[in-house]
Amino acid sequence: MSFKETKHVSKPNKEADTNKTCGLADLVGIPNLATTESSSGISRRDLLKGAGVGAAAVAAFGSLGALGACAPTNNTGQGTGTTTYANDSANSSSHSWDIANKPADIPASDIIETIDTEILVCGGGFAGTATAARAAELGAKVILVEKDAVLHGNGIGGTGAAWSKVLEENYAPQGYYIDKPVNQARWVKTCAGRCRESLVAKWFRESEKTMDWMLDMSFADGATCLITANASNQEIHKEEHSYHWLMGGSIGKQIPADDLGGGFGPDAAPSKYPEINMATIAEYRFKAFAEETGNAQFVFESPVVQLIQPGGPGTAVKGAICKTDKGYVQYNASKGVVLATGDISFNDEMLDYFAPIGQKVYTKLNGANGNVGDGHKLGSWAGGALQDGPWATMMHPQALAGFHGPFMFVDPTGNRFFNEATWVQGKCVGVITQAKVPDGFSGQKYAWSIFDANWKQYLLDSLPVGGGMFWDTFRMFGSTYETAVSQIASQVEGGLADETGNFVQADTIEELAEKIDVPVSALKASVERYNEFAKKGMDEDFYKDPTFVTPIAEAPFIAAKVGTGLLAVCGGLHVSDDLEVLGANEKPIPGLYAIGNTMGDIYAVDYPINIQGNSHGRCLTFGYLLGEHLAKK
């Protein structure tokens, strides 16, 4: 595969970020996610940029699928690019994304170059690069423009699908299958019934075909695929083993098989490009694949600042204008413009309005401070409607300690506050909305998971009927529960030895309370009551499954600090099932499409994790389908 790029050279936009996270990244030796940026200007959006991952990382990682959105909107605000809520009479000039606040058109005299193409993709993340790769494969002329100096990936690059050739060949013989009707129902229920089911169903129908396309591409490059085993086994929070983790080959780094809980096949060739990590393997493989066709060009440091719409908002989009250090470049796109610019995680105004819970997390984990809703605003200014809120927030409780299991949680007041044997989103929402804090408390909420010297056995007993991210480990499907406990034990031991304070140990509950700065009397009372429940076999406060209610009685006692993290806000522009941006009266804006976290309607309210990695999977599936649709226009 070739590896080349075109760029308009300019200084990358470096935004100061002083947030300090001492959690998953620190435990596995990864540079600080919120503050690390290389001197070459590589963006912090690459979550694990440059990080080597070994056994400690395998123990620390849950499943970081990454990126999605929700419900069709039929409100009167569509014609003006605003979204009207039942409880909100927003007017047409109250928000930066409203048409009334659209920037003035760039004068034709400021355009230094005009370039013709068929498809213009705006944004170099998973969805945008997948779109470019499929369109170029089918012969369409594609230009992808990216505002930063690099392509971007989040999480660890894993991708979900409702089935694949890897699952068929390796796990179907063991009797494993994914029940599509049941899992679609779980998805829709998690989204409070406000996602558009036709989009969800389309993903379930098409994800196998598109995953196999990516697998074929990756295997041809010498890559290998791992299916992970950290899905929840609880019937009430059931998750599928659907997370496909591709690594190695000429593009990606190879992680030694010994670090993957037993290995997964022959080692791939060393990477030709050591600067690429597992968070960006997919994006750079799509780039190389697209460029090999001779039909694709990738242009960096060229943010899109205006859509070309001669007839005004609501009419056909003919192209876009990008800003470079030399001036403005106009791209005319005869088949369509694709908005794939990421989410709104770092746009406070949009977060406050569409996903306010995202402002209450302990930290933002994706490091993508360039994700400020560029495409959302461009689409709205073009007359597109934004889906109704609240938008789904992908949240994981990994900002501090990377493990906390099903054990008793207490808040900063020392009191228990919810059923801890829940899924990752539930843990985050519980900490944010239900944990109490003492008078004078400042900062974002957190909690402590409390367990005793017998925790390894309790954990082992819980995994066959429990599990999930930060309860199990990022290990190979088919490996043993003992492997998970061993990996987690190494992580806890490492956490107790470091200086982050995310794991704390003491010989008495009184001493533990002092070390974690909660009232001694409150923690003692919480532990005593919990131990009573363990003896009775009944949690009378929150009705947690008795299997997971284990005593806290034998020293040493350990506390793991639980911090919530925002990975992405999964919401955006109202789209058709063909990813056309929709405006007033559900009418598409000709020539304008949205995908990835710039699109809406497939998620709402909460992010469903029952199909692990479905956000990347949705980027893959709809990227493939949109690229094909546009190429055949």
Side-chain angles (χ1 to χ4, degrees), residues 19-30 32-34 56-57 59-62 360-365 395-418 420-422 424-438 441-453 455 459 468-471 473 488-520 522-523 526-527 530 552 556-567:
N19 294 329
K20 170 61 177 161
T21 57
C22 298
L24 179 63
D26 300 283
L27 290 176
V28 299
I30 298 172
N32 187 298
L33 304 183
F61 291 140
K360 299 178 181 179
V361 294
Y362 194 88
T363 194
K364 295 175 183 177
L365 288 170
M395 299 185 292
H396 291 347
Q398 66 182 76
L400 298 168
F403 166 76
H404 23 78
F407 305 118
M408 183 184 81
F409 280 26
V410 296
D411 60 27
T413 71
N415 293 294
R416 189 170 175 233
F417 56 94
F418 79 144
E420 303 89 350
T422 188
V424 290
Q425 193 85 1
K427 286 184 176 181
C428 289
V429 173
V431 170
I432 291 170
T433 65
Q434 300 183 55
K436 294 181 173 60
V437 297
F441 181 91
S442 62
Q444 304 291 20
K445 293 180 181 178
Y446 56 83
W448 292 96
S449 175
I450 310 294
F451 41 97
D452 78 354
W455 71 269
L459 176 62
M469 289 188 287
F470 317 111
W471 182 341
T473 67
I488 291 170
S490 296
Q491 181 191 349
V492 173
E493 291 166 7
L496 290 170
D498 68 26
E499 298 180 354
T500 63
N502 292 329
F503 288 92
V504 178
Q505 180 173 287
D507 291 328
T508 67
I509 293 298
E510 291 85 351
E511 180 187 5
L512 188 67
E514 292 175 354
K515 286 187 173 183
I516 65 175
D517 194 27
V518 303
V520 172
L523 183 60
S526 294
V527 170
Y530 196 76
I552 307 169
F557 303 101
I558 299 173
K561 196 172 186 179
V562 183
T564 59
L566 178 67
L567 279 79

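These numbers were taken from a predicted model, which means no experiment stands behind them.
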Subject >> Residues which pass salt bridge (Lys or Arg N to Asp or Glu O under 4.0 Å) with Glu514, listed by chain and number, not counting sequence neighbours >> reply: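 Here no residue qualifies.
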
**OP:** Can you sort out the partners of Lys515 under salt bridge (Lys or Arg N to Asp or Glu O under 4.0 Å), two or more places apart, ordered by chain and number?
**Re:**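 Expected list: Glu511.
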
**OP:** For the residue pair Phe403 and Trp455, categorise the inter-ring angle as parallel (less than 30°), tilted (30 to 60°) or perpendicular (more than 60°).
**Re:**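 Phe403 and Trp455: tilted rings.
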
Subject >> Sequence-distant partners of Phe407, ring pair (Phe, Tyr, Trp, His ring centres under 6.0 Å), two or more places apart >> reply: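 By the ring pair (Phe, Tyr, Trp, His ring centres under 6.0 Å) rule, Phe407 matches Phe451.
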
Original post:
ring pair (Phe, Tyr, Trp, His ring centres under 6.0 Å) with Trp471: which residues, sequence neighbours excluded?
Top reply: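 Expected list: Phe548.
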
Under the rule for side chain to side chain donor-acceptor pair (under 3.5 Å), what residues qualify as partners of [X], not counting sequence neighbours?
X      : answer
Asp452 : none
Tyr446 : none
Gln505 : none

**OP:** Please list all pairs passing the salt bridge (charged side-chain N to carboxylate O under 4.0 Å, His left out) test where one or both residues lie in residues 396-410, with sequence neighbours left out.
**Re:**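 Listed once each, the pairs would be none.
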
Can you tell me if [X] uses its side chain to pair, donor with acceptor, with the backbone of [Y] under 3.5 Å?
X      : Y      : answer
Thr363 : Ala399 : no
Ser526 : Gly414 : yes
His404 : Pro397 : yes

Subject >> Test side-chain contact (heavy atoms from CB on, under 4.5 Å) applied to Thr413 - qualifying residues, sequence neighbours left out >> reply: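 In terms of side-chain contact (heavy atoms from CB on, under 4.5 Å), with neighbours along the sequence ignored, Thr413 is linked to Asp411, Asn415, Lys436, Pro438.
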
**OP:** Not counting sequence neighbours, which residues clear side-chain contact (heavy atoms from CB on, under 4.5 Å) with Glu493? List them please.
**Re:**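 Testing Glu493 for side-chain contact (heavy atoms from CB on, under 4.5 Å), a comparison that skips the adjacent residues, returns Lys456, Ala489.
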
Check whether any side-chain heavy atom of [X] sits under 4.5 Å from a side-chain heavy atom of [Y], and report yes or no.
X      : Y      : answer
Val437 : Lys445 : yes
Ile509 : Ile552 : yes
Met395 : Ile432 : yes

Interatomic spacing from [atom1] in [X] to [atom2] in [Y] - rounded to 0.5 Å:
X      : Y      : atom1 : atom2 : answer
Thr433 : Phe417 : OG1   : CZ    : 8.5 Å
Met408 : Ser449 : CE    : OG    : 8.5 Å
Trp448 : Leu400 : CH2   : CG    : 8.0 Å

